[in-house]
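Since the model is a prediction, treat every value here as computed from it, not as a measurement.
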Amino acid sequence: MQLKLSEHYNYKKLLRFTLPTILGLVVTSIYGVVDGFFLSNFAGKLSFAAVNFIMPYTLILTSLGYMMGSGSSALIAKTIGQKRPDQARKLLTGLFVVSLILGIGTSLAGRALLNPVLDLMGCTPALRQDAYTYALILLAFLPCSMIQMYFQTIFVTAARPLHNFVITLCAGVLNIFLDWLMVGTLGWGAAGAACATGLGQSLAALLSLVFFVKPMAGKGENALYFCRFTITAREVGSAMVNGMSELFTNAATSIISILYNFQLLRFAGENGVAAYGTLMYVSMIFMAVSIGYSIGVSPLVSYQYGAASHQELSSLLKKSLVILLIGAVSMFGLAELLAEPLASLFAGYDPELMDLTIQAFRCCSPVFLFSGFAIFGSSFFTALNNGPVSAAISLIRTLVFQIGFILIFPLFWGLNGVWFSMVAAEAMAVVITAFLVYCFRHQYGYFKTGWNFIQKFAF
């Protein structure tokens, strides 16, 4: 039976509702890992390093899709909670059109700026050709990528997360098959990996569009589907402000990845960039669990906020923190346990690179004890339609702590300082997130019931 946003959610229902979104993002991350596997093992470590070198630039541009998806989802879910389903459908359609136009414009601008950006990033001659080819092809598919990202959260708001998982799975299977064909069999290297990723994104975008045509949208007064619309600048601005944190998180993370690559080139050369690439591919899978849960629960938070149900809002927050704590400890244990097998998967052909990758895993695994809470905190405020606070968490987490620590720690600990800086930044971000959640408790009322131990310390 399909769950509704208006229901009371116990742990079982909450996990059932969010699991498809979690699995969808894990699958997306896995086929990113498959890209890396085929590139590293069939095209060589230079092609692998080149793709990871330019990846942050493409992610900065695609982060606009996350902004529109998350911001629109929060606004639409709040509107449904206010019992205005017709307006919610108009918002769905109008904001989709805005996202598509934004994707086309960003694709054209990204391709025009590619060469200057490579120069600015300090790309070495050994990496330049593959980095340019990969980015040029991927940017051609950018509108499709943004459509996929837009609907990723909208599916959850429509209470149809399983549909999103099936679409993501289909796109992932196509991507993996094309990686095998284009990179592993035909030997197209970075160009093949980019084509495989782009075609997978195109399939996901097409299928997503089909599911929001009225005959495919399901039944019920709150069903979401395309309709005739008018959209105001205020509504577009509201969605963008709501999604600012997702934009800042992804853009800032990409900028920081550029800085990490710069530092790693100084301390370990191309091997350092390749080791960081392996670490990021695996981290994507682990982070996908936290991001997927946060995306999955956000429409429930937005709905209860729109319905002014403080009790349900409090219940969702409390249960979410318990789930995140269990997930954090589990992921830390897995990271420690699987460090060597995962390093061997990507770098087993090069003993020096493999040793460096294992070292990176050992140093960075405590990141997973902290990262999920900051990710959830930012998404929680986005769901509450408070884009500025959500963006503040993202900016402090990335631009303040991560940039500060990556510049300072290597001065004392060299290469290990690069890895340790990730852990320190995430730990500090949790402190800031907890402080902001506590400060806004009166405005949103999520500590009013079921938090006796916190109420004792309230002031």
May I have all residue pairs that pass side-chain hydrogen bond (donor to acceptor under 3.5 Å, both in side chains) and include part of [range], sequence neighbours excluded?
range	answer
residues 98-113	none
residues 405-418	Gln359-Asn416
residues 58-67	none
residues 134-153	none

- Task: For Glu336, check salt bridge (charged side-chain N to carboxylate O under 4.0 Å, His left out) against everything at least two apart and list the hits.
- Result: Arg362

- Item | Contacts of Arg128 that satisfy salt bridge (charged side-chain N to carboxylate O under 4.0 Å, His left out) - sequence neighbours left out | Asp119

- Reference residue Ser320; test side chain to side chain contact (heavy atoms under 4.5 Å, CB included); the match among Phe376, Phe380, Phe373: Phe376

- Message: Taking Ala193's backbone N and O only, do any of them form a donor-acceptor pair with Thr197's side chain (distance below 3.5 Å, no angle check)?
- Response: yes

Residue pair [X] / [Y], side-chain donor-acceptor N/O under 3.5 Å:
X	Y	value
Gln129	Thr133	yes
Ser315	Lys319	yes
Ser70	Thr382	no

Is the [X]-[Y] ring centre distance short of 6.0 angstrom?
X	Y	result
Phe405	Phe420	no
Phe368	Phe286	yes
Tyr276	Tyr260	yes
Phe212	Phe155	yes

